Every structure is written in structure tokens, then in C-alpha cells.
Amino acid sequence: MEKIIIKGGYKLKGEVNISSAKNSVLPIIAASILSGDVSIIENAPMLEDVFVICKVLESLGADVQLDTNTNCITIDTKDINSKEEPHSDLVRKMRASFLIMGPMLSRFGRVKLSLPGGCNIGSRPIDLHLKGFSALGAQIDLGHGYVEGRANRLIGNKIYLDFPSVGATENIMMAAVLAKGETVIENSAEEPEIEDLATYLNSMGACIEGAGTGTIKIKGVEELKGVRHRPIYDRIEAGTYMTAAAITKSQIKINGINEEHMKPILAKLSECGVNMEIKNESVIIYGEGDIKAVDIKTMPYPGFPTDMQAQMMALLAIAKGTSIITETVFENRFMHAPELKRMGANVKIDGRSAVIEGVKKLTGAEVKATDLRAGAALIICALAAEGCTSISDVYHIDRGYVDIENKLKALGANIERINY
Ligand code: EPZ
């Protein structure tokens with residue numbers, strides 16, 4: 001078992017480079033199934049979740065080569081066949097594996113997958129994914145913990161999503177690219193990662209318009225070719241380092257910023273009184289002065305991202321005044337609150353809202369990461385806390401952050417990963 005130990009009170013300085021977006025790379029790897037050809041993903045984040053989805057493709061017959069020197073992933077999906085089923089524990093281990101359903105249905109007309117488990121932050125249903133596949137003419141059968149989809153050929157259709165689900169938008173888009181005729185997805189999710197997936201698919205020969213807006217049009221094509229693709233930067237990783245600089249009143253330079261994608265995060269940090277200067281694809285954070293209390297309501301993009309909610313709660317724990325965070329996207333995404341309270345934060349949870357009374361100081365404690373972003377929030381508080389913090393269950397953090405302790409150590413943090 002591993003723990004991350006942090007001695008708080010150290011300022012950060014220097015530069016940090018942001019990796020490609022985990023939530024872009026995962027659907028793009030799934031989409032490579034559609035081509036039956038070779039694709040190369042550049043600057044890929046070497047993360048546990050990426051390793052899992054690569055194992056899923058290998059269990060289906062793909063040849064996947066991960067080069068940790070160049071951070072390139074080469075995927076040959078020529079030998080994938082629909083007779084194989086990915087091991088259920090792989091699909092259940094990482095919900096995003098479910099993103100292979102659309103590509104498999106589209107290419108082979110048949111797929112059988114274990115139902116993805118829920119996770120700590122919510123039940124994570126897949127009803128919108130399945131509704132979309134049915135609208136495209138697939139026969140969907142559920143039973144014994146599995147979902148099976150069959151279709152001779154998917155037929156384009158108009159689909160309205162009850163909720164702008166990121167995963168459902170991606171899965172339906174991937175199912176539609178080889179369907180017969182045109183598909184229109186309305187009330188689609190607008191996250192930048194969806195636009196990145198469409199860029200990859202269009203470079204393979206797909207015909208997708210409107211990705212990144214609330215209406216996406218997909219004209220079915222006959223075949224797709226493998227391509228080389230460099231995904232967008234990870235806006236959540238970047239936001240995480242921004243809050244780390246803000247809470248430690250440090251000045252750091254973060255390289256790998258897309259200002260448009262970061263707008264809701266930059267706006268909220270500015271509202272908190274964090275000064276910043278954006279230059280090309282970098283931002284300099286001038287952590288100085290007090291953090292002001294603000295209210296946050298998480299929303300689908302371009303609203304404030306739910307994946308930054310925990311990190312902002314960590315920052316607001318030491319703000320001047322009272323902040324209110326409302327989590328509208330997931331039903332159980334405040335599990336970091338009790339752990340932050342162990343470090344002296346003053347947080348009261350009432351259903352989907354959290355009231356955070358800023359405190360003068362936080363103190364180090366033994367805490368536990370409960371999910372990926374909750375773990376990041378604990379690190380952020382630990383950097384500013386008085387004394388030592390020990391964070392267990394760090395495997396959650398490794399799912400979304402490349403080499404976080406070495407990146408922070410290089411910035412001057414007093415941080416170690418230990419085995420125990
Ligand atoms: C993606 O998850 C991200 N994961 C999540 O990031 C992110 O928090 C989430 O989008 C929201 O932005 C990846 O991209 C791999 P959703 P996804 O479908 O697609 C409900 C992280 O920290 N819903 O947009 O699963 C659902 O219950 C992770 O990097 C249905 O009701 O999110 C939830 O309340 C965590 N029916 C809401 O929609 C469905 O069929 C948002 O879910 C699908 C979703």
C-alpha cells in the first residue's frame with residue numbers, strides 16, 4: 001500500500017507542464033476501434049485509467065504499444081473481433097471502459113459488456129447511452145449484470161438527451177459515425193473533450209459538425225482510417241495546480257493551457273482574488289493576498305466543472321468569509337468534506353450544498369482519498385496545512401494525475417510517496 005506524506009507551509013516556485021486530457025484520451029482510445037487500422041496518440045498521460053482501457057482493447061484482440069519515453073500510444077485495431085468480451089472486472093474497474101460500446105456496435109453490429117459499476121460519487125447510470133443506441137436501431141438486452149447490443153446496421157436518427165451527459169454524447173457520436181444516414185444529437189454535452197474526440201474522428205474520415213455545441217450532426221460514412229492525434233491539454237489538472245499555487249500564496253508558471261477551455265475555472269479563481277497572467281499556452285499564477293469567499297454551482301460545460309469542485313472546496317477552506325458550493329452534476333460528490341474537516345476545515349453539508357466557513361489555518365492529519373478529485377483536494381489543503389499530512393488510498397489520485405508528487409516536489413513542495 002502507498003501513502004503520500006506532505007509537510008505543509010512550503011511555497012511553490014518554478015514551472016509545471018500539463019499532460020494531455022485524461023477525459024479526451026479515454027474516448028479517443030475507444031474510438032480507435034472504429035478504424036480497424038493503426039492510430040498513434042501523442043503526449044498521452046501515462047495514467048492507471050489509460051492502462052485499463054488499453055487492456056480492455058487488448059482483451060478484444062487489439063495490439064497496443066505504450067512508449068513511456070515518448071508518451072505515445074500506438075493502437076492497431078485490425079484484429080479486434082466481436083466474439084471476444086472484455087473481462088468484466090476490467091469494465092467494472094473503470095466506468096469509461098463502457099465507451100467501447102458505441103464503437104463495437106458501430107463496427108461489428110454486436111457487443112456484450114458487463115454493466116459498469118457505480119462509483120463513490122454517484123450511481124453513474126447508462127440509460128442515456130442505451131436510449132441513444134436504441135434510437136439508432138440497436139436491440140439492447142440487459143440481464144445477469146451484462147448489457148448486449150445487436151444491429152445489422154445502425155441507422156441515423158434524431159436523439160434528444162434528457163441531460164447533456166458527456167459519456168452518452170461520446171458513445172452515441174461514436175456509434176453514429178458508421179451508421180447509415182444522418183444522426184442529430186440535441187442537448188448534447190459541450191465539453192472540450194467532446195470536440196477533441198470529434199477532431200480525431202473527422203481526421204479519420206468521419207463527418208461530424210457542431211461538436212462542442214448543444215447540437216451535433218453526424219453523417220454516416222463507410223469506413224475510417226487510423227491517424228496520429230495529439231489530444232488537448234488537461235484543463236482539470238491545470239486547474240488543480242492553479243489552486244495549489246493560490247492556497248500556498250506561490251508564484252508558478254503552468255505550461256499547457258487552452259484559455260477558452262479554462263474560462264470557467266479562470267473566472268472563478270479571479271473572483272477569489274487570485275491574480276494571473278496568461279501568455280500564449282501558459283499562465284502565471286501570482287498567489288498573494290487573501291482568498292475571498294465565493295459561491296460555486298457546478299454545471300455542464302461551459303458552467304463551472306464538477307471535476308474542480310473538490311479542489312475549490314480545499315481552497316475556500318481558508319478563504320475570508322463564507323462560501324456556498326452547490327453540486328448539481330453528481331449526487332454524492334462531497335466525500336472529501338469529512339476528510340477536509342479532519343484538517344480543520346469548517347464545512348457543513350446539506351444535500352447538494354456545502355457551506356464553507358473560512359478558517360485561519362489548517363493542520364496536518366491522517367486522511368483518506370475517497371475519489372480522484374477528492375484526493376487532489378487533500379493534497380491542496382496539505383500543502384498549506386501546519387505540520388504533516390498523510391494521505392492513504394492514493395490509487396484514486398493516480399487515476400487522474402501523472403506523477404503528481406514529483407511535479408509538486410519539483411515546484412518545491414515537501415512531499416513523498418511511501419510504501420507501508
Ligand atoms: C465524464 O463522466 C467524466 N469522465 C467525469 O470525470 C466528469 O465528472 C463527468 O463527465 C461530468 O463532466 C470521463 O470523461 C471519463 P456524465 P460521465 O455522463 O460521462 C447522469 C473525473 O474526475 N447520467 O456527464 O460518466 C449521471 O448520473 C471524472 O475525471 C445519467 O443520468 O459523466 C450524472 O449525474 C469523474 N444517465 C450526470 O449525468 C446516463 O446515461 C453527468 O454524467 C449518463 C449520465
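Note that the structure is predicted; figures quoted are calculated from it, not measured. Note that ligands are numbered from 1 as they come in the structure, with each ligand's atoms numbered from 1 the same way.
Close N/O approach between Leu128 and ligand 1 is found [any backbone or side-chain N/O within under 3.5 Å]. By the 3.5 Å distance cut-off applied to N or O atoms, Asp127 is counted among the residues near ligand 1. Checked against a 3.5 angstrom limit, the closest N/O atoms of Asn23 and ligand 1 fall inside it. Residue contacts with ligand 1: Val166 is placed with a nitrogen or oxygen under 3.5 Å of a nitrogen or oxygen of the ligand (distance criterion only). In terms of N/O distances under 3.5 Å, ligand 1 is approached by Val329.
In terms of protein heavy-atom proximity, atom 32 (O) of ligand 1 is nearest to Phe330 CZ, 4.0 Å. Protein heavy atom in closest approach to atom 18 (O) of ligand 1: Ser165 OG, 2.7 Å.
Those atoms of ligand 1 with a heavy atom of Gly167 less than 4.0 angstrom away are 18 (O), 19 (O). Ligand-side atoms of ligand 1 in range of Leu372: 21 (C), 22 (O), 29 (O), range being under 4.0 angstrom from any heavy atom. In the vicinity of Lys22, heavy-atom distances shorter than 4.0 Å reach the ligand 1 atoms 21 (C), 29 (O). Annotation for ligand 1: atoms under 4.0 Å from non-hydrogen atoms of Arg373 are 21 (C), 22 (O), 29 (O).
Under the 4.0 Å criterion applied to side-chain N and carboxylate O atoms, Glu58 and Lys55 are not assigned as salt-bridge partners. Ion pairing of Lys407 with Glu405 is absent here, as no side-chain N (NZ or NE/NH1/NH2) approaches a carboxylate O to less than 4.0 Å.
The residue from Pro125, Pro164, Gly132 that puts a heavy atom closest to atom 43 (C) of ligand 1 is Pro125.
Every residue meeting the salt bridge (charged side-chain N to carboxylate O under 4.0 Å, His left out) condition with Lys409, not counting sequence neighbours, appears here in chain and number order: Glu416. Take Glu15 and apply the side-chain hydrogen bond (donor to acceptor under 3.5 Å, both in side chains) test, not counting sequence neighbours, and it matches Asn255.
When all heavy atoms are compared, the tightest approach of Leu362 to Ala345 is CD2-N, 3.7 Å. What you find for Phe98 and Val147 is that their closest heavy atoms are CE1-CG1, 3.7 Å.
Look at Glu237 and you'll find every heavy atom at least 4.0 Å from all atoms of ligand 1.
A donor-acceptor pair is defined here as one N or O able to donate and one able to accept, closer than 3.5 Å; no such pair exists between the side chain of Ser188 and the backbone of Glu186.
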